[in-house]
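Right, one structure below, let's go through it.
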There are 2 protein chains.
Amino acid sequence: MSVKDKGTEQLIKDTAKKIFFAEGKLHATTQDIADAAGVNRTLVHYYFRSRKLLFEQVTEEAMDELRHIMSDAFTGKQTFQEKLKKLINAFMDQTIAFPYRELFLITETNRYDTEHADEVHDTHTKPFLAEIKAEMDKGAIKAMDPRHFMMNLFSLMAYPLLSSKLSKGFMKITDHEYVKLMKQRKQLIFEMIYPQ
Amino acid sequence: MSVKDKGTEQLIKDTAKKIFFAEGKLHATTQDIADAAGVNRTLVHYYFRSRKLLFEQVTEEAMDELRHIMSDAFTGKQTFQEKLKKLINAFMDQTIAFPYRELFLITETNRYDTEHADEVHDTHTKPFLAEIKAEMDKGAIKAMDPRHFMMNLFSLMAYPLLSSKLSKGFMKITDHEYVKLMKQRKQLIFEMIYPQ
DNA sequence: TTAATGTTTGACAATTTTGTTAAGCAAATG
DNA sequence: CATTTGCTTAACAAAATTGTCAAACATTAA
């Protein structure tokens with residue numbers, strides 16, 4: 001099923017996500033989005049009422065996507081090591097496709113001072129933190145505040161893709177080389193986080 | 001010398017940096033900046049001609065600040081270990097004060113497709129990468145592409161501060177606790193990067 | 001076919017943001 | 001004291017962006 005076949009509403013939303021999350025153009029106007037989607041700008045208002053509501057919907061769905069990564073990876077009876085690999089694999093794939101998704105969320109939450117869902121913690125994050133703690137007690141990974149562990153993990157996965165333009169400039173890395181480096185990171189991050 | 005005493009031009013620039021880099025309000029208008037600085041908006045145009053020129057100046061100075069961190073830390077005859085500590089200390093302090101500085105640079109470079117300074121590499125980054133490589137050859141740190149090492153380092157330093165709102169939400173961390181965690185990271189990052 | 005329903009469009013209005021101008025003001029220089 | 005100079009302001013103009021509306025169009029059901 002192509003992007004076009006999903007109907008105009010979905011097309012507009014997907015195009016907005018592409019512009020925000022993949023291209024990192026956070027200042028895109030409704031006109032920019034309509035143009036990229038190849039539709040009349042009025043349709044943005046027809047389907048979403050206002051620019052703000054489109055943004056809110058996109059933001060909410062992006063938050064959901066983030067939430068689900070952890071619940072997807074950390075359910076089931078696999079070992080911690082296997083779950084961790086699954087998490088790294090899924091998150092990296094998504095972040096390669098949409099490097100600026102979190103950047104969008106951060107700037108949007110800074111824009112208006114919206115507090116975001118609290119129940120997330122209990123359902124998704126808390127079990128994850130508990131498993132980390134258990135793994136530390138076993139001595140499998142270095143003891144530290146599990147929240148530091150989690151921050152380290154997500155930092156190593158997200159930041160290099162978020163800052164690719166800066167990194168390319170500072171380290172003189174070509175686009176081609178950068179892709180190669182990013183592909184190596186799944187394994188590399190696992191080894192840093194979970195030393196053999 | 002207080003912020004006010006530096007003259008209006010500097011005051012406007014400093015206020016803009018505070019809004020962009022400290023508060024992460026990337027969509028701030030010239031009116032927002034003028035209000036925060038307590039001056040008439042016309043002064044923004046008087047001193048900087050246009051919004052775009054103010055942004056370019058702020059961007060350029062932020063790039064310079066980033067460049068200097070590495071040259072500052074990596075000149076002199078200290079050991080690699082000492083230089084690394086110096087770098088972590090300086091970068092973390094700056095990032096705690098201005099967590100969104102890089103976020104601003106990333107979105108601005110995404111906005112217009114500006115290529116950024118190449119000579120940076122030779123003067124600052126290349127010697128740093130060479131020292132990393134030497135340290136790996138000595139066996140002091142785990143062997144990998146030195147560029148990965150550098151990415152890891154900056155990821156661990158920058159990302160948790162950049163994403164503090166998301167992290168606080170997902171892990172239910174209070175503002176107070178977050179500050180405490182961030183203060184611990186200087187040491188923690190050094191230990192992750194440079195295992196004893 | 002006709003009516004009903006949902007979709008798309010262009011023209012227009014409103015709002016927000018940026019940029020310009022001329023005049024006022026204050027310090028300091030002759 | 002008069003003048004120059006740089007700084008500041010309010011009022012206005014221009015541009016960019018968002019939002020509205022009625023009419024045209026297409027699709028489906030009666």
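Per chain, numbering begins at 1; letters A, B, ... match sequence-line order. Only a predicted model underlies this, so the values are computations on that prediction, with no experimental measurement involved.
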Just to verify, what does B:Gln78 make a side chain to side chain donor-acceptor pair (under 3.5 Å) with, not counting sequence neighbours? B:Lys86

Side chain to side chain donor-acceptor pair (under 3.5 Å) partners of B:Gln81, counting only residues at least two apart: none

Charged N to carboxylate O under 4.0 angstrom, [X] versus [Y]?
X        : Y        : result
B:Glu177 : B:Lys180 : no
B:Asp137 : B:Lys133 : yes
B:Lys17  : B:Glu65  : yes
B:Glu56  : B:Arg111 : no
B:Glu131 : B:Lys138 : no

B:Tyr47 meets the ring pair (Phe, Tyr, Trp, His ring centres under 6.0 Å) criterion, sequence neighbours left out, with none

Just by distance, with hydrogens left out, do B:Ser155 and B:Asn152 show a side-chain donor and acceptor under 3.5 Å apart? no

Shorter than 3.5 Å, N or O on both sides, protein versus nucleotides 4-8 of chain D: list them out with atom names.
| unit_1 | atom_1 | unit_2 | atom_2 | d |
| --- | --- | --- | --- | --- |
| D:dC7 | OP2 | B:Tyr46 | OH | 3.1 |
| D:dT8 | OP1 | B:Thr8 | OG1 | 3.0 |
| D:dT8 | OP2 | B:Thr8 | OG1 | 3.1 |
| D:dT8 | OP2 | B:Tyr47 | OH | 3.0 |

For chain A and DNA chain C, what are the first and last nucleotides along the strand, 5' to 3', with at least one atom under 4.0 angstrom from a heavy atom of the protein chain? C:dG6 to C:dG10

Please list each protein N or O that sits under 3.5 Å from an N or O in nucleotides 16-19 of chain D, with the distance.
| unit_1 | atom_1 | unit_2 | atom_2 | d |
| --- | --- | --- | --- | --- |
| D:dT18 | OP1 | A:Arg51 | NE | 3.3 |
| D:dT18 | OP1 | A:Arg51 | NH1 | 2.4 |
| D:dT18 | OP2 | A:Thr30 | N | 2.9 |
| D:dT18 | OP2 | A:Thr30 | OG1 | 2.9 |
| D:dT18 | O4 | A:Arg41 | NH2 | 3.3 |
| D:dG19 | OP2 | A:His45 | NE2 | 3.1 |
| D:dG19 | OP2 | A:Arg51 | N | 2.9 |
| D:dG19 | N7 | A:Arg41 | NH1 | 3.0 |
| D:dG19 | N7 | A:Arg41 | NH2 | 3.4 |
| D:dG19 | O6 | A:Arg41 | NH2 | 2.8 |

Can you confirm whether B:Phe98 sits close enough to B:Leu161 that some side-chain heavy atom of one is under 4.5 Å from a side-chain heavy atom of the other? no

